[in-house]
Amino acid sequence: MAGDRKVHNGKFKRTFHTKPHMLSSDQVLAYTNHEVGGVCPFGVNDHVFVYLDRSLQNYDYVYPACGERNNAIKLTPQQLYEISQAIDWVDVAKDQ
């Protein structure tokens with residue numbers, strides 16, 4: 001999801017059939033293999049499924065973290081989709 005957006009609870013629940021909730025930092029590390037602040041949608045554990053929010057498609061380039069707080073990479077949204085092996089594009093962000 002674009003960094004300037006927030007989750008729309010209703011859209012999230014309709015899409016994933018569960019309520020959204022924040023994970024603890026320990027859970028984030030266990031699920032993604034990245035610490036909070038460096039979480040990226042690629043290089044995650046095998047059992048993690050990546051979905052990208054359509055809000056990212058509003059930009060020519062996005063700058064996701066690369067596993068550490070001080071690292072990022074410049075990608076087009078389509079490149080991010082391909083590299084992350086995303087399952088699908090979803091619409092779960094609040095409209096601006």
Side-chain angles (χ1 to χ4, degrees):
M1 175 179 307
D4 63 346
R5 299 292 183 93
K6 293 184 179 182
V7 172
H8 184 289
N9 291 335
K11 288 180 178 182
F12 187 97
K13 189 170 183 180
R14 284 189 296 277
T15 301
F16 295 110
H17 310 289
T18 189
K19 291 181 180 180
H21 64 277
M22 293 292 285
L23 300 175
S24 70
S25 57
D26 290 338
Q27 289 173 310
V28 170
L29 182 58
Y31 282 117
T32 68
N33 205 31
H34 303 295
E35 293 186 12
V36 172
V39 175
C40 63
F42 46 88
V44 297
N45 293 325
D46 290 338
H47 64 280
V48 173
F49 301 104
V50 174
Y51 293 84
L52 300 178
D53 189 77
R54 292 190 186 281
S55 60
L56 295 169
Q57 295 174 327
N58 294 328
Y59 300 94
D60 293 331
Y61 296 99
V62 294
Y63 299 85
C66 292
E68 296 179 1
R69 293 175 190 256
N70 59 347
N71 290 331
I73 186 170
K74 179 181 178 182
L75 298 170
T76 66
Q78 184 59 36
Q79 288 172 319
L80 179 60
Y81 182 85
E82 293 167 8
I83 290 171
S84 67
Q85 299 178 335
I87 303 297
D88 204 359
W89 291 100
V90 296
D91 178 15
V92 297
K94 288 183 181 179
D95 296 328
Q96 289 188 319

### Query
So N58 and Q96, side-chain contact (heavy atoms from CB on, under 4.5 Å) or not? Walk me through it.
CA-CA 12 Å; N58 294 328; Q96 289 188 319; over 6 Å; no
For residues 48-55, which side-chain N or O atoms pair as donor and acceptor with protein atoms under 3.5 Å away, sequence neighbours left out?
from, atom 1, to, atom 2, distance (Å)
D53, OD1, V92, N, 2.7
D53, OD1, A93, N, 3.3
D53, OD2, S55, N, 2.9
D53, OD2, S55, OG, 2.7
S55, OG, A2, N, 3.0

Name every donor-acceptor pair, under 3.5 Å, that has one atom in a side chain of residues 70-79 and the other anywhere in the protein, sequence neighbours excluded.
from, atom 1, to, atom 2, distance (Å)
N71, ND2, E68, OE1, 3.0
T76, OG1, Q79, N, 3.0
T76, OG1, Q79, OE1, 3.4
Q78, NE2, E82, OE2, 3.0
Q79, OE1, T76, N, 2.8

Atom pairs and distances, side-chain donor-acceptor, residues 39-46, under 3.5 Å, sequence neighbours left out:
from, atom 1, to, atom 2, distance (Å)
N45, ND2, A30, O, 2.7
N45, ND2, Y31, O, 3.1

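Counting heavy atoms from C-beta on, the side chains of K13 and T15 never come closer than 4.5 Å.
The CD atom of Q57 sits 12.0 Å away from the CG atom of D60 when rounded to the nearest 0.5 Å. Atom NZ in K11 sits 10.5 Å away from atom NZ in K94 (nearest 0.5 Å).
I87 and L80 are assigned to two separate hydrophobic clusters, defined by single-linkage of ILVMFWY side chains at heavy-atom distances under 4.5 Å. Each of V28 and F16 belongs to its own hydrophobic cluster when Ile, Leu, Val, Met, Phe, Trp and Tyr are linked at side-chain heavy-atom distances under 4.5 angstrom.
When the side chain to side chain donor-acceptor pair (under 3.5 Å) test is applied to S24, the partners found at least two apart in sequence or on another chain are Q27.
Listed by first and then second residue, the ring pair (Phe, Tyr, Trp, His ring centres under 6.0 Å) pairs involving residues 70-96 are Y81-W89 (not counting sequence neighbours).
Among all heavy-atom pairs drawn from R14 and H8, the shortest one is NH2-CE1, 4.2 Å.
Hydrophobic clustering, defined by side-chain heavy atoms of Ile, Leu, Val, Met, Phe, Trp and Tyr closer than 4.5 Å, groups Y61 together with Y63.
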